[in-house]
Number of protein chains: 2
Amino acid sequence: MKNLEIILENNQIKSTAMRLLVLQFILSKKTALSLSQLESYFDNADRTTIYRTIKTFVEKELVHQIDDGTGITKYAICEENCHCEIENDLHLHFHCTKCEETTCLTDYKIPKINLPEGFIAENINLVVKGICEKCNNLSSI
Amino acid sequence: MKNLEIILENNQIKSTAMRLLVLQFILSKKTALSLSQLESYFDNADRTTIYRTIKTFVEKELVHQIDDGTGITKYAICEENCHCEIENDLHLHFHCTKCEETTCLTDYKIPKINLPEGFIAENINLVVKGICEKCNNLSSI
DNA sequence: TAACTTCTGCAACAAGATTGCATTATTTTT
DNA sequence: AAAAATAATGCAATCTTGTTGCAGAAGTTA
Ligand SMILES: [Mn+2]
Ligand SMILES: [Mn+2]
Ligand SMILES: [Zn+2]
Ligand SMILES: [Zn+2]
């Protein structure tokens, strides 16, 4: 059994042609992907199928959904043994305003946030916008 | 000159009937408002007019725009002398998953965030989701 | 008053996300 | 293996939010 198939199986996802392709593509990218990006990469595949494929991945916690503030939902693979729900497991995200790519900074966890009395935190989303390393290096040449 | 008119004037916004009404409504609310909420409150006013009114307010830095992760932009009045642009002036936002209201926690500033070498931060958005004080109190009775 | 600028209202459009439903593929049961 | 049940796919259609074009109304200036 192939590597990709094992990943799907580990997440209780039945393996199909489309799912394997989508997973492979997501794994090949270092930055988070939008539905449109997937759509244009698999240009003969159906939008809905990709949409539902990625939704299945999110439900099974194989990928996580990122709201980077652009209004376009991005998706990226979850870390090993990630439980997206658990607060202190969450990393921050970076959106580059130049290349418009969104990066998971998996080693940069969201700091403890103080809230006013009575507020209960369940989830935190922290997105930093700016210039990513790649664009920064390119412009300094 | 009325209070509301002074506020508009202080922000270099010419006063019109619609602008005064929208401002009054925003000021009367403690939580952030969406365009739809404004629209349904002023049910005989035009969507576009409200849209452009609020956009003018944002441009003139009278209100700030909030991306609370719901996919629906919210608006709330700016703090006195606020310059939404300046990073360390930014406060965090709280979105209640029960009442679905978004609150500005103006006294809770976004902490300093460390980034990997080469990344430059220009802007930070921090949204906490959970149960707000009001809903928390209601459920504990 | 005439020229000009700004605001408003209506219609239309765009993009992203989502659903309904029929068809096809896969798995389970008989 | 055939039938029944379940799951995945493809296509069309819809919804929501946000946005623009344009003509007319209102207000300002010369
Ligand atoms: Mn991530
Ligand atoms: Mn705020
Ligand atoms: Zn970049
Ligand atoms: Zn609440």
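Proteins get letters first, then strands, A, B, ... in listed order; numbering begins at 1 in each. Because the structure is predicted, anything quoted here is derived from the model rather than measured.
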Honestly curious: do [X] and [Y] fall in one hydrophobic cluster under the side-chain, below-4.5 Å linking rule?
X	Y	value
B:I50	B:I72	no
A:I66	A:L90	no
A:L20	A:V63	yes

Please report the distance, rounded to the nearest Å, between [atom1] in [X] and [atom2] in [N].
X	N	atom1	atom2	result
A:L33	C:dG16	CG	P	14 Å
A:K74	C:dG16	NZ	C1'	12 Å
B:I50	C:dC7	CD1	P	16 Å
A:I72	C:dA17	CD1	C1'	12 Å
B:E39	C:dT8	CD	P	16 Å

Hey, what bend do you get for the helix from C:dT1-D:dA30 to C:dT30-D:dA1 if you fit axes on five pairs at each end, rounded to 10°?
10°

Evaluate the side-chain proximity of A:P116 to B:L105: yes if any heavy-atom separation is below 4.5 Å, no if none is.
yes

Which ring pair (Phe, Tyr, Trp, His ring centres under 6.0 Å) pairs, counting each pair once, include a residue from residues 101-123 of chain A, with sequence neighbours left out?
A:F119-B:F94

Under the side chain to side chain donor-acceptor pair (under 3.5 Å) rule, what do B:S34 and B:Q37 come out as? Steps first, then yes or no, please.
CA-CA 5 Å; B:S34 69; B:Q37 284 174 295; 3.3 Å; yes

Mind checking side-chain hydrogen bond (donor to acceptor under 3.5 Å, both in side chains) for [X] and listing every partner two or more places apart, or none if nothing turns up?
X	result
B:T73	none
A:T70	A:D68
B:T97	A:E122
B:N114	none

Does a distance-only test, which skips hydrogens and angles, find a donor-acceptor pair under 3.5 Å between the side chain of A:R47 and the base of C:dA17?
yes

For B:Y41, I'd like to know if atom OH has over 12 heavy atoms of other residues, nucleotides or ligands within 6.0 Å.
no

In numerical order, the residues of residues 10-22 of chain B whose heavy atoms come under 4.0 Å of DNA chain C are B:K14, B:T16, B:M18, B:R19

DNA chain C contacts among residues 94-104 of chain A, heavy-atom distance under 4.0 Å
none

Listed once per pair and sorted, the salt bridge (charged side-chain N to carboxylate O under 4.0 Å, His left out) pairs that draw on residues 13-29 of chain A, sequence neighbours left out:
none

Hydrophobic cluster partners of B:I131 (side-chain heavy atoms under 4.5 Å)
A:I120

Tabulate protein N/O versus nucleotide N/O from nucleotides 19-22 of chain C, keeping only pairs under 3.5 Å, one per line.
from: C:dG20; atom 1: O6; to: A:R52; atom 2: NH2; distance (Å): 3.0

Ion pair check, A:E101 and A:K30, cut-off under 4.0 Å
no

Go through DNA chain D in 5' to 3' direction and return only the first and the last nucleotide with some atom under 4.0 Å of chain A's heavy atoms.
D:dA7 to D:dA12

Residue among B:K74, B:E79, B:H91 satisfying side chain to side chain donor-acceptor pair (under 3.5 Å) with B:H64:
B:H91

Does B:N11 reach the main-chain N or O of B:I7 with its side chain, forming a donor-acceptor pair under 3.5 Å?
yes

Touch class at under 4.0 angstrom, heavy-atom based, for A:S34 against every strand present:
nothing

